[in-house]
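As structure tokens, the structure follows; a few thoughts come after it.
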There are 2 protein chains.
Amino acid sequence: MDIKARIDHAIAEAIAAGQAGPTPAKLASALHYAVHPGGARIRPSILMSVALACGDRSPRLTDAAAAALELIHCASLVHDDLPCFDDAATRRGKPSVHRAYGEPLAVLTGDSLIIMAFETLARAAGEDPAQAARLISILARRTGMPRGICAGQGWESEDDVDLSAYHQAKTGALFMAATQMGAVAAGEDAEPWEELGARIGEAFQVADDLRDALYDGETLGKPVGQDDLHGRPNAVTELGVEGAIDRMRDILAGAIASIPKCAGEARLAALVTAQAEVLTPIKWRAARVPGE
Amino acid sequence: MDIKARIDHAIAEAIAAGQAGPTPAKLASALHYAVHPGGARIRPSILMSVALACGDRSPRLTDAAAAALELIHCASLVHDDLPCFDDAATRRGKPSVHRAYGEPLAVLTGDSLIIMAFETLARAAGEDPAQAARLISILARRTGMPRGICAGQGWESEDDVDLSAYHQAKTGALFMAATQMGAVAAGEDAEPWEELGARIGEAFQVADDLRDALYDGETLGKPVGQDDLHGRPNAVTELGVEGAIDRMRDILAGAIASIPKCAGEARLAALVTAQAEVLTPIKWRAARVPGE
């Protein structure tokens with residue numbers, strides 16, 4: 001099975017477990033709705049790529065970790081879209097969960113997906129309970145308070161924002177979870193893999209700023225101009241489009257340089273390089289990559 | 001340390017970990033606000049009583065489990081109070097979290113407390129990772145979909161409600177978590193402890209119906225008449241006050257009969273008996289217990 005198929009299978013198994021037996025039908029349906037269509041599934045793809053680069057010694061744990069991470073990401077999208085945050089009408093080209101199912105079920109869908117993420121990891125503990133506990137610790141640290149994506153969102157309610165802490169928590173956290181969980185699922189230490197995740201996260205933050213500034217809502221499948229609207233800091237406002245693209249490429253070069261020694265090092269570097277192109281807006285991509 | 005002090009200490013440690021370092025101040029403060037004042041801390045008290053009755057062989061795990069369970073309960077109160085659910089202005093005699101901190105921070109407070117619950121258990125894994133993983137599994141099962149408190153809340157969005165599944169998920173789930181996690185933290189099997197939790201949960205459901213029907217908001221510290229208002233089933237509507245009290249006492253007698261053989265069996269039975277009186281509304285309590 002390739003990476004994409006493994007991720008889809010692991011997510012489908014987790015969702016199916018959450019829908020089993022006598023259960024409220026609308027909430028059960030909303031769980032599936034919130035994780036489909038999947039988009040790039042970039043975080044679990046990075047997680048699995050790192051695990052494979054490290055030998056993927058416990059595929060069951062790797063699969064569970066990948067699913068758990070994506071469930072957390074989808075939960076954060078559902079809650080971020082709520083009327084009290086972005087009040088987004090659309091997500092991935094279809095009505096946001098609260099528009100499709102109502103606000104109560106959107107809150108519960110996010111809650112249920114968060115819980116499902118930890119349950120999925122605990123269920124995969126099997127012969128490796130210590131590794132499963134480490135994976136749960138990392139995922140929780142990168143998701144909650146004081147430095148996970150909840151903290152990142154929490155910074156948006158502060159008058160005095162620690163910008164570095166904000167960005168690391170808001171966008172960086174789940175990429176650090178991706179690289180570290182991939183390593184830990186394969187039996188490696190988490191620490192050497194933090195920088196790769198942090199740098200990929202920074203690059204995605206800049207890419208997101210570019211998309212928010214440049215694209216229209218229909219292309220993106222979600223509302224644009226949200227940073228301006230909510231007074232959030234944005235790399236394009238600060239550096240201009242070309243400047244932001246340059247910064248993104250610099251960051252990804254640093255990411256590649258930070259990859260720890262492992263069997264799959266070269267393949268991982270190629271993956272990050274490919275991401276740099278994917279993340280560059282098409283117009284600038286064409287101008288900078290002859291022949292594309 | 002007595003049970004109450006152990007629970008308070010474990011919760012304080014978990015909250016402090018969630019507030020450490022550079023972190024959004026309002027969200028950090030809301031985490032503490034949401035778990036204080038504590039009320040009876042009845043769920044973690046049951047958990048710890050069961051663990052002690054079973055020998056409390058891993059006190060660190062017991063403490064973590066008690067804190068985790070109470071964090072989940074508090075998270076559920078924060079989210080249940082949101083405008084899209086009960087829209088409660090008060091809770092435990094003070095403004096609800098969304099009234100005190102605003103809706104975005106209330107959503108994030110609930111999310112963060114859920115995550116903190118699992119992190120607390122993972123952090124306590126230490127020498128017992130397999131037991132920690134089991135505790136995480138039980139807590140997740142009793143909290144999320146398809147049969148945890150999220151499912152319970154989810155049933156309220158259905159036209160066609162499975163009443164037994166609804167009550168077990170809505171109120172019973174965290175009591176079943178309490179008895180089962182207490183047993184597992186002490187190294188015992190979870191299964192024989194399910195019935196005790198289920199029955200205590202049923203008794204609390206009836207007691208809650210009585211309070212909702214009989215008390216005023218000031219005594220209760222939260223809005224009353226919510227069941228009537230939201231068209232939810234209520235034992236008092238169905239059986240009358242005296243009938244509901246009789247049912248509650250029958251259920252608790254069944255709870256006592258279900259306690260598995262263990263060293264602390266008699267003390268546990270006394271605890272459940274005491275709960276029966278605490279749960280009975282004062283007027284009826286006085287009429288039925290001479291001298292009180």
Side-chain angles (χ1 to χ4, degrees), chain A residues 17-28 31 75 79 82-85 101-108 110-112 114-116 118-119 121-123 125 129-134 136-137 139-141 143-148 150-151 153-158 160-162 164-166, chain B residues 17-28 31 75 79 82-85 101-108 110-116 118-119 121-123 125 129-134 136-137 139-141 143-148 150-151 153-158 161-162 164-166:
Chain A
Q19 296 175 322
T23 196
K26 288 175 197 158
L27 180 53
L31 296 177
H79 280 185
L82 285 171
C84 69
F85 292 111
Y101 289 88
E103 217 178 318
L105 287 176
V107 173
L108 293 173
D111 292 355
S112 302
I114 294 171
I115 296 152
M116 188 183 287
F118 294 107
E119 189 167 19
L121 282 167
R123 196 184 294 127
Q131 249 156 284
R134 271 197 292 280
I136 289 167
S137 277
L139 185 61
R141 181 163 8 114
T143 306
M145 278 282 282
R147 269 178 291 282
C150 285
Q153 194 75 8
W155 278 113
E156 297 184 7
S157 292
E158 296 292 325
D160 197 8
V161 179
D162 180 330
S164 152
Y166 166 64
Chain B
Q19 295 174 322
T23 196
K26 287 175 197 156
L27 180 54
L31 296 177
H79 280 185
L82 285 172
C84 68
F85 292 109
Y101 289 88
E103 216 179 317
L105 287 175
V107 173
L108 292 173
D111 291 354
S112 301
L113 292 174
I114 294 171
I115 296 152
M116 187 183 287
F118 295 107
E119 189 168 17
L121 282 168
R123 196 186 292 127
Q131 248 156 283
R134 270 197 293 278
I136 290 168
S137 277
L139 185 61
R141 180 162 13 114
T143 306
M145 280 282 283
R147 268 177 292 279
C150 286
Q153 195 73 8
W155 278 113
E156 297 184 7
S157 292
E158 296 292 325
V161 178
D162 179 331
S164 153
Y166 165 65

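All values below were derived from every heavy atom in this structure, side-chain atoms included, with hydrogens, water molecules and symmetry-related copies excluded. Proteins come first, then strands; the chains are lettered A, B, ... in the order of their sequence lines, and each starts at number 1. For clarity, every value in this text was computed on a predicted model and none was experimentally measured.
Checking side-chain atoms of A:Q19 against main-chain N and O of B:P146 turns up no donor-acceptor pair under 3.5 Å. With B:E158 contributing its side chain and A:A25 its backbone, the two residues share a donor-acceptor pair below 3.5 Å.
The candidate from B:G144, B:G102, B:C84 with the greatest count of non-hydrogen atom pairs under 4.5 Å with chain A is B:C84. In terms of non-hydrogen atom pairs under 4.5 Å with chain B, the most contact-rich of A:P22, A:C150, A:A28 is A:C150. Of the residues considered (A:G110, A:A20, A:A75), A:A20 shows the highest number of contacts with chain B, using heavy-atom pairs under 4.5 Å. Top candidate by heavy-atom pairs under 4.5 Å with chain A, chosen from B:A125, B:A130, B:A165, is B:A130. With respect to chain B, the highest number of heavy-atom pairs below 4.5 Å among A:A140, A:G148, A:P83 belongs to A:A140. Heavy-atom pairs under 4.5 Å with chain B peak, among A:A151, A:G154, A:P104, at A:P104.
A distance of 10.5 Å separates CG of A:L105 from CD of B:E156, quoted to the nearest 0.5 Å. To the nearest 0.5 Å, atoms CZ (B:F118) and CD (A:E119) are separated by 7.5 Å.
Only the backbone of B:A17 comes within contact range of chain A, with at least one heavy atom under 4.5 Å from a heavy atom of that chain. Only the side chain of B:L82 comes within less than 4.5 Å of a heavy atom in chain A; its backbone stays farther off. The parts of B:R141 that come within reach of chain A are both its backbone and its side chain, each placing non-hydrogen atoms under 4.5 angstrom from that chain. Neither the backbone nor the side chain of A:A106 comes within contact range of chain B, judged by heavy atoms closer than 4.5 Å. For a residue to count as touching a neighbouring chain, one of its non-hydrogen atoms must lie under 4.5 Å from one of that chain's; by this rule B:A132 does not touch chain A. Residue contact with chain B, scored on non-hydrogen atoms closer than 4.5 Å, involves the side chain of A:L31 exclusively.
Considering only heavy atoms from C-beta on, B:P129 stays 4.5 Å or farther from A:R134 through its side chain.
Results of the side-chain contact (heavy atoms from CB on, under 4.5 Å) test with A:M145 over B:I115, B:L113, B:D111, B:L27 single out B:L27 as the only residue that passes.
Contact between B:K26 and A:S157 at its shortest, heavy atoms only, is NZ-O, 2.7 Å. Between B:A133 and A:A122, the shortest heavy-atom contact is O-CB, 3.7 Å.
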